[in-house]
Amino acid sequence: MRLSTLNVNSIRKRAPLVREFLDRAQPDLLFLQELKCKTEEFPGDAFADSGYRWHAVGQHGGRNGVAVLSKLPFEVVAEVLPGEDEDTHARYVEVAAGGARLAGIYLPNGNSGGAEGYAYKLRWMQRLRTLAAERLEDTTPYAILGDFNVCPTALDLEPGALPPTDALVRPESRSAFRALMHLGLTDAVRALHPEERLYTYWDYGAAFNANRGLRIDHVLLSASLAERLDKVEIDMSLRSQEQPSDHTAVTVTLR
DNA sequence: ATGGCTACAGCATGTAGA
């Protein structure tokens, strides 16, 4: 089974790029973040003859939004991360597919909205940890894929790419990420490339050519899936295209 | 650090991204 994640930064702008990626990479499931559209605006026509079925969770106001596209039959298990009343952010989609439970997430950035914006990010991480702990009580293989908006360690950003006060690298953000990992999840990229500088995001402008990047898009695997981990791929070609997303795709292959 | 990018709402800039 092959699983991919990609922050598209507007699916309406990037539908052809996503289609090209599916045709070429052929993941069984692809999780998308930052649709920046309403559910009914998802450009499903671009995938009509692709062999993939899709499910989108959009949001009004052109913010957030997550989706999944799948070659395998799947059932949508959740569209909301539990734990907070009146959370209208479209940041979570969870499916059952291929005998596994798979969550696609768009974790809050945390740099906007002042103290409350950052507090929301930390609460969201706590809520995710609570739900992940629940899922891991079950023996069903489990994975969380998506844009975590956290550089877990100093190896996960080009030195100087962010100030130490940035919400992506603040100690509380990293601590919350570690707390999630300590439930027994494996960072797929780090399992196979423990010391390599690998990035999944480069700011628009000069950052890509200078490789001033961040590793913030992650695939976390339960023990049963980590045992099956065969390969991880970070698709640099997506970021080199005309009018790319500022992120690129991460794909894991499981035996 | 920020906006020098980019996208969106909506039509002038403001907000967000990371």
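Residue numbers start from 1 in every chain, and the chains themselves are labelled A, B, ... in the order their sequence lines are given, proteins ahead of strands.
- Per the geometry, NE2 belonging to A:H60 stands 19 Å off C1' belonging to B:dA16, to the nearest Å.
- Looking at A:E233 and A:R2, a side-chain N of the basic residue comes within less than 4.0 Å of a carboxylate O on the acidic one, giving a salt bridge.
- Only the P atoms considered, B:dG10 is 14 Å distant from B:dT15, to the nearest whole Å.
- The side chain of A:Y199 contributes no N or O atom lying less than 4.0 Å from OP1 or OP2 of B:dA18.
- Partners of A:S237 by side-chain contact (heavy atoms from CB on, under 4.5 Å), not counting sequence neighbours, listed by chain and number: A:R24, A:D235.
- The separation of B:dA1 from B:dA12, taken at their C1' atoms, amounts to 26 Å, rounded to a whole angstrom.
- A:L157 places its CG atom 17 Å from the C1' atom of B:dG17, with the value rounded to the nearest Å.
- Atom OH of A:Y118 and atom P of B:dG17 are 14 Å apart (whole Å).
- Residue contacts for A:R215: at a heavy-atom cut-off of 4.0 Å it reaches no nucleic acid atom on any strand shown.
- As judged by a 4.0 angstrom heavy-atom cut-off over every strand, A:N64 is placed among residues making no nucleic acid contact.
- In this structure A:T88 satisfies the side chain to side chain donor-acceptor pair (under 3.5 Å) test with no other residue, sequence neighbours excluded.
- Here the separation of B:dA18 from B:dG4, taken at their C1' atoms, is 15 Å to the nearest Å.
- Between A:K38 and A:E40, no side-chain nitrogen of the basic residue sits less than 4.0 Å from a carboxylate oxygen of the acidic one, so the salt-bridge criterion is not met.
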| message | Can you build the contact string for nucleotides 2-15 of chain B? Use B for base contact, S for sugar-phosphate-only contact, and - for no protein heavy atom under 4.0 Å. | response | -B-BSSSS------
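- The residues A:E41 and A:K36 are annotated as not salt-bridged, no charged nitrogen and carboxylate oxygen being separated by less than 4.0 angstrom.
- Nucleotide B:dA16 holds its C1' atom 16 Å from the CG atom of A:L107, rounded to whole Å.
- If you measure from atom CG of A:D246 to atom P of B:dA16, you get 17 Å, rounded to the nearest angstrom.
- Within the nucleic acid shown, A:D217 has no heavy atom closer than 4.0 Å to any nucleic acid atom.
- Relative orientation of the A:F177 and A:H218 rings is tilted, given thresholds of 30° and 60° on the angle between their planes.
- Computed from coordinates, the A:N7 CG to B:dA16 C1' distance equals 12 Å when rounded to whole Å.
- Atom P of nucleotide B:dA16 and atom CG of A:L168 are separated by 16 Å, given to the nearest angstrom.
- Between A:L81 and the choices A:H89, A:R91, A:R127, A:E94, the side chain to side chain contact (heavy atoms under 4.5 Å, CB included) rule is met once, by A:R127.
- A cation-pi arrangement, defined by a distance under 6.0 Å to the six-membered ring centre and an angle within 45 degrees of its axis, is present between A:R239 and A:F208.
- Mapping A:H247 and A:G160 onto DNA chain B by nearest heavy atom places A:G160 at the nucleotide closer to the 5' end.
- Nucleotides B:dT13 and B:dT2 are separated by 23 Å at their P atoms, to the nearest Å.
- Among the protein residues, A:Y106 comes within range of the sugar-phosphate backbone only, with heavy atoms under 4.0 Å from sugar or phosphate atoms but none that close to a base.
- Atom CD1 in A:I216 sits roughly 14 Å away from atom C1' in B:dA16 (whole-Å rounding).
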